[in-house]
> 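Structure in structure tokens, see below.
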Amino acid sequence: MADDEAERFTEQVLSLVESIPSGRVMSYGAIAAAIGHGGPRQVARVMARDGGAVPWWRVVHADGSPYAPETAVEAYARERTPLRGADRIVVDMPHAAWIPPRTTPGNG
DNA sequence: GCAATGACTGGTA
DNA sequence: TTACCAGCCATTG
């Protein structure tokens, strides 16, 4: 693959994650789908590289479980992110799942 | 080119 | 609800 494309993909992921509003989250697969390139494994790879420079806690698995629950749970409490329970560090995807404006496949 | 790995995802038990 | 397996895609050695 071309390094330029890899860099573009990285910026796409980071830019999209930074675009996620407070109290909302996106799954790895949703991010990959929104960008229209790669897959959840590729998004995760980008997060592992430069995820520390973006609100990574807004990026969760398809089931709503975050990468670092112990750290993310604090961020969710600050952003009022809807969880599946007070004792359950799992985001309520049906309510917290955020879809980026434009870049939505199927419309347009 | 092949094998192993990874911040994943969906299905079944 | 939890645990295990198979599928997917790109990077790495």
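Proteins come first, then strands; the chains are lettered A, B, ... in the order of their sequence lines, and each starts at number 1. Side-chain atoms are counted along with the backbone in the values below, which use heavy atoms only and exclude waters and symmetry mates.
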> Which whole-number value in Å describes the distance from A:His37 NE2 to C:dC8 C1'?
14 Å
> Here's a test for you: under side-chain contact (heavy atoms from CB on, under 4.5 Å), which of A:Ile35, A:Val17, A:Val43 qualifies with A:Gln12?
A:Ile35
> What is the distance, to the nearest angstrom, from the CD atom on A:Glu5 to the C1' atom on C:dC9?
15 Å
> For A:Tyr28 and C:dA10, give me the distance from atom OH to atom C1', rounded to whole Å.
16 Å
> By nearest atom, which of the nucleotides B:dA7, B:dT9, C:dC9 is closest to the A:Ala62 side chain?
B:dT9
> Just the rounded figure in Å: distance from P of B:dG6 to OH of A:Tyr67.
12 Å
> Treating Ile, Leu, Val, Met, Phe, Trp and Tyr as nodes and any side-chain heavy-atom pair under 4.5 angstrom as an edge, say whether A:Val73 and A:Met93 lie in one connected cluster.
no
> Just compare B:dA7, C:dC9, B:dT9 and give me whichever is closest to any side-chain atom of A:Gln42.
C:dC9
> When the nearest nucleotide of DNA chain C is assigned to A:Arg41 and to A:Arg49 on a heavy-atom basis, which residue is associated with the more 5' position?
A:Arg41
> Using OP1 and OP2 only, check whether a side-chain N or O of A:Arg45 sits under 4.0 Å from C:dT12.
yes
> In whole angstrom, what separates A:Phe9's CZ from C:dC9's P?
13 Å
> Same cluster or not: A:Val90 versus A:Tyr67, using hydrophobic residues (I, L, V, M, F, W, Y) connected whenever any side-chain heavy atoms lie under 4.5 Å apart?
no
> To the nearest angstrom, how far is A:Ile35 atom CD1 from C:dC9 atom C1'?
14 Å
> Taking atom P of B:dA7 as reference, at what distance in whole Å does atom CD of A:Glu70 sit?
17 Å
> Nearest nucleotide by nearest heavy atom, which residue falls closer to the 5' end of DNA chain C, A:Gly39 or A:Arg84?
A:Arg84
> Is any side-chain N or O of A:His61 closer than 4.0 Å to OP1 or OP2 of B:dT9?
yes
> Has A:Tyr28 got a side-chain atom pairing as donor or acceptor with A:Gln42's backbone, closer than 3.5 angstrom?
no
> Between A:Arg58 and A:Glu79, does the salt bridge (Lys or Arg N to Asp or Glu O under 4.0 Å) criterion hold? Intermediate values first, please.
CA-CA 10 Å; A:Arg58 293 180 190 165; A:Glu79 303 185 352; 2.8 Å; yes
> Provide, to the nearest angstrom, the distance between the CG atom belonging to A:Asp63 and the C1' atom belonging to C:dC4.
15 Å
